[in-house]
Amino acid sequence: MGSAVAGLIRAGQADGDIHADVTVSDIYLLFSTAPTDQPPAACVRWLALVTPGLTTQARQAKN
């Protein structure tokens with residue numbers, strides 16, 4: 001699984017969509033800390049908070 005995740009990270013980095021310093025370990029850390037036992041709204045908020053740390057996309061302001 002690690003090599004598959006690494007390939008996805010490299011592809012995203014090559015496209016300029018994922019920060020150059022993101023690693024497979026980072027993705028495992030995110031998976032292990034995901035609030036999967038929380039209500040959907042908490043999961044959506046968690047994703048909104050961590051996504052800017054992974055991607056080069058600008059963070060969307062919450063209305």
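Residue numbers run from 1 in the order of the sequence given.
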Problem - CA sep, side-chain torsions, deciding dist, call: Thr33, Trp46, side chain to side chain contact (heavy atoms under 4.5 Å, CB included) - result: CA-CA 10 Å; Thr33 61; Trp46 177 86; 3.9 Å; yes
Exercise for the section: State plainly whether one hydrophobic cluster holds both Tyr28 and Val50, where clusters connect Ile, Leu, Val, Met, Phe, Trp and Tyr through side-chain heavy atoms under 4.5 angstrom apart. Expected result: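 Same cluster: Tyr28 reaches Val50 through Ile, Leu, Val, Met, Phe, Trp or Tyr contacts under 4.5 Å.
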Handout entry: Cluster overlap Leu54 with Met1, hydrophobic side-chain contacts below 4.5 Å
Key = yes
Exercise for the section: Go through the steps for Ile9 and Val24 under the test side chain to side chain contact (heavy atoms under 4.5 Å, CB included), then give the verdict. Expected result: CA-CA 8 Å; Ile9 292 170; Val24 172; 4.0 Å; yes
Exercise for the section: Carefully, step by step, assess Thr55 and Val22 under the rule side chain to side chain contact (heavy atoms under 4.5 Å, CB included). Expected result: CA-CA 9 Å; Thr55 69; Val22 173; over 6 Å; no
Practice task
For the pair Ser32 (side chain) and Leu29 (backbone), establish whether a donor and an acceptor sit closer than 3.5 Å, ignoring hydrogens and angles.
Solution key: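 Answer holds: yes.
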Problem - Gln13 (side chain) donor-acceptor with Leu8 (main chain) under 3.5 angstrom - result: no
Handout entry: From CG (Asp26) to OG1 (Thr23), nearest 0.5 Å
Key = 3.0 Å
Fill in the blank from the handout: The reported gap from CZ in Arg10 to CG in Asp15 (rounded to nearest 0.5 angstrom) is 13.0 Å
Practice task
Check whether any side-chain heavy atom of Thr51 lies under 4.5 Å from a side-chain heavy atom of Gln57, and answer yes or no.
Solution key: no
Problem - Where Thr56 and Ile18 come nearest, the two heavy atoms and their spacing - result: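 Where Thr56 meets Ile18 most closely, the heavy atoms are CG2-C, 4.1 Å.
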Fill in the blank from the handout: Of all heavy-atom pairs linking Cys43 and Gln38, the shortest is SG-O, 3.8 Å
